[in-house]
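Note sheet for the following structure.
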Amino acid sequence: MARASFLGSTPHNINPLAHFTLLQKAPRLSSAGAMPDHRQEPPPSPPPPHPSLEIGGGARGSFLPALKTLPRPYNPFPLVGWNRHVETIFAAFFRSAPAVRLRRECLRTNDNGAVALDWVSGDDHSLPPESPLLILLPGLTGGSEDSYVRHMLVRARSKGWRVVVFNSRGCGHSPVTTPQFYSASFLGDMREVVAHVGARYPKANLYAVGWSLGANILVRYLGQESHTCPLSGAVSLCNPFNLVIADEDFHKGFNNVYDKALARALCKIFKKHALLFEDIGGDYNIPLAANAKTVREFDEGLTRVSFGFKSVDDYYSKSSSSDSIKDVCRPLLCIQAANDPIAPSRGIPREDIKENPNCLLIVTPKGGHLGWVAGDEAPIGAPWTDTVVIDFLEHLEGGASKALSSSSNAQALDQRVDVLHHLEV
C-alpha cells in the first residue's frame, strides 16, 4: 500500500536515513527564498516561407516548420525557367535519369488485368522490414524509366526508404491482358497495389507520391478511402485537379503540342495490344482511338466507354480530384506551378485545401509541367520539389515512429504498474 511523507515531520515507520535522502533530493531554495526557475526559453520560430511562394492549406501550421528550404526564394534556372514551355520541354528531354537496377513484379488484378511493380533490386536483403515504404505513381503514359521518377526513387532510397514504382496497365512496358487500360477515374488497381505492398511489409508505414494524372488518381484514392486509408501520408505534384478546365486549356496555343504528343504515346500503347480489342462491340470507336490526334479523341473512342461514362465531358467531370480534397483524412502535400500549361493554376481547389486541416498547398511562381528546373541540382539534376517532398515525408515518418514508440512505452508502463499493483496486494 502506498505511503506518504511530509517535509515537516518524520513518521515513526520511515527510516530517518531514507528521509534525509529524500530531503537532499528536494528542490533547493535560492538565496532569495524562491524556487529556482528551470524553465527553458521556447525554441525560436522557423523563418517564414519566402514571398515568392504561395502557401495555403489547413495544415500550414503543422507542416511548414519541417520544410527547411521554403524560406529561400524560388529561383528558376536562367535561360530555362523564363518560359513555361521551354522549362517543360527541357526537363522532359534533358534532365538526367539516374541508373537504378529494378526488379519487376507483375501483379495480377481481380479482373485478370495486370500492373507492373518495379522494386529496387536488393532492397529485400538490405533494408529491414519496418523501413517506410514509398509508392510512386507516374503521370499519363509515364513509368519507372522517367527521369523525375528516378530522381525521387534515388533520393528516397538514400534515406533508407523502400521504394516501388506503380506502372499502370500498358505503361512502362507493363503487360495488358484484358481489353481495358487505366483512367483518371479507376481506383481498383490503386487499391490492390496498396493492399499488396502493405501485406508484404506489414510492419512498414506506407506513403505515396503521384505526378500529373498519377497525382489525380492518388488524391481521388485518398478522398474515397478517407478515414480508412492505409497510407500514412501522400504528396501530389502537378495535379490537373479539375480535368474539365485542364481539357479546355489543352486546346489553346502551344498546348496543342503536348496534346498531340500525349495522344501519340497513348496510340503507341494501344497499338501494341490492339488484338485484345479486335472483336469488342458496344459504343467503342476503335479506329478513332487507334488514330487519335488528341487525348480527347482517345478518351472518346476508348477510355470513357471502358469505364461507363456517357461522354468525355462526363468522364472528365466525374474523375476530377478537386472534388476529393474535402474528404482527405491523411496528411497531403500538394505542390503546383503557377505557370503549369497542363495543370492550370485556376483549377486548384484552394478553398477546399484551406478548409482541410490535413492539406498543405505550395505554388511556385514558375516550374512548367514536371519541370521545376531550379535549386541546387539545376539544370539537369533533380527537380526543386524533391527536397521539399522528402522533408515532408521524413517529418511524417518521424511523427509516426514517435507515436508508435509512445504507444509501446505506455503499454510497457501499464504492464509495470499492473505488476506493482499485484505485488502490493
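Atoms considered below: every heavy atom in the structure, side chains included; atoms not considered: hydrogens, waters and symmetry mates. For the single chain, residues carry numbers from 1 onward in sequence order. Only a predicted model underlies this, so the values are computations on that prediction, with no experimental measurement involved.
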| Salt bridge between Arg220 and Asp327, side-chain N to carboxylate O under 4.0 Å? | no

| query | Charged N to carboxylate O below 4.0 Å: is that the case for Glu248 and Arg346? | reply | yes

| query | Any side-chain donor paired with an acceptor under 3.5 Å for Tyr258 and His85? | reply | yes

| field | Option among Ser324, Ser321, Ser322 that satisfies the side-chain hydrogen bond (donor to acceptor under 3.5 Å, both in side chains) test with Asn216 | value | Ser321

| Knowing that exactly one of Asn239, Leu361, Ile362 qualifies, which makes a side-chain contact (heavy atoms from CB on, under 4.5 Å) with Cys334? | Leu361

| message | Any carboxylate oxygen within less than 4.0 angstrom of a Lys/Arg side-chain nitrogen, looking at Arg296 and Asp313? | response | yes

| task | Check side-chain hydrogen bond (donor to acceptor under 3.5 Å, both in side chains) between Asp314 and all other residues, then give those that pass, not counting sequence neighbours. | result | Lys318

| task | Answer yes or no: is there an ion pair linking Glu351 with Lys326, defined by an N-O contact shorter than 4.0 Å? | result | no

| request: Give a yes/no verdict on a cation-pi contact between Arg95 and Phe90, requiring under 6.0 Å between NZ or CZ and the six-membered ring centre and an angle within 45° of the axis. | output: no

| task | Decide whether Asp386 and His151 meet the rule of one side-chain donor and one side-chain acceptor closer than 3.5 Å. | result | no

| Minimum heavy-atom distance Asn358-Phe63, with the two atoms named | O-CE1, 3.9 Å

| request: Check the side chains of Asp323 and Ser320 for a donor-acceptor pair under 3.5 angstrom, ignoring hydrogens and angles. | output: no

| said: Under 3.5 Å, is there a donor on one side chain and an acceptor on the other for His369 and Glu87? | reply: no

| field | Neighbour count above 12 (heavy atom, 6.0 Å) for Leu288 CG | value | yes

| message | Any carboxylate oxygen within less than 4.0 angstrom of a Lys/Arg side-chain nitrogen, looking at Asp391 and Lys68? | response | yes

| query | Taking atom NZ of Lys252 as the centre, does the number of heavy atoms from other residues, nucleotides or ligands within less than 6.0 Å exceed 12? | reply | yes

| said: Suppose we call two aromatic rings close when their centres sit under 6.0 Å apart. Are Trp161 and Tyr207 close by that rule? | reply: yes

| note | NE2 of His273 to OG1 of Thr178, rounded to nearest 0.5 Å, is 10.5 Å

| remark: Closest heavy-atom pair, Ala378 versus Phe77, reported as atoms and distance to 0.1 Å, is CB-CD1, 3.8 Å

| query | Judged by atom type as modelled, is there a donor-acceptor pair below 3.5 Å linking the side chain of Ser319 to the main-chain atoms of Tyr316? | reply | no

| message | Using modelled atom types and a 3.5 Å cut-off, is there a donor and acceptor pairing between side-chain atoms of Asp146 and backbone atoms of Gly143? | response | yes

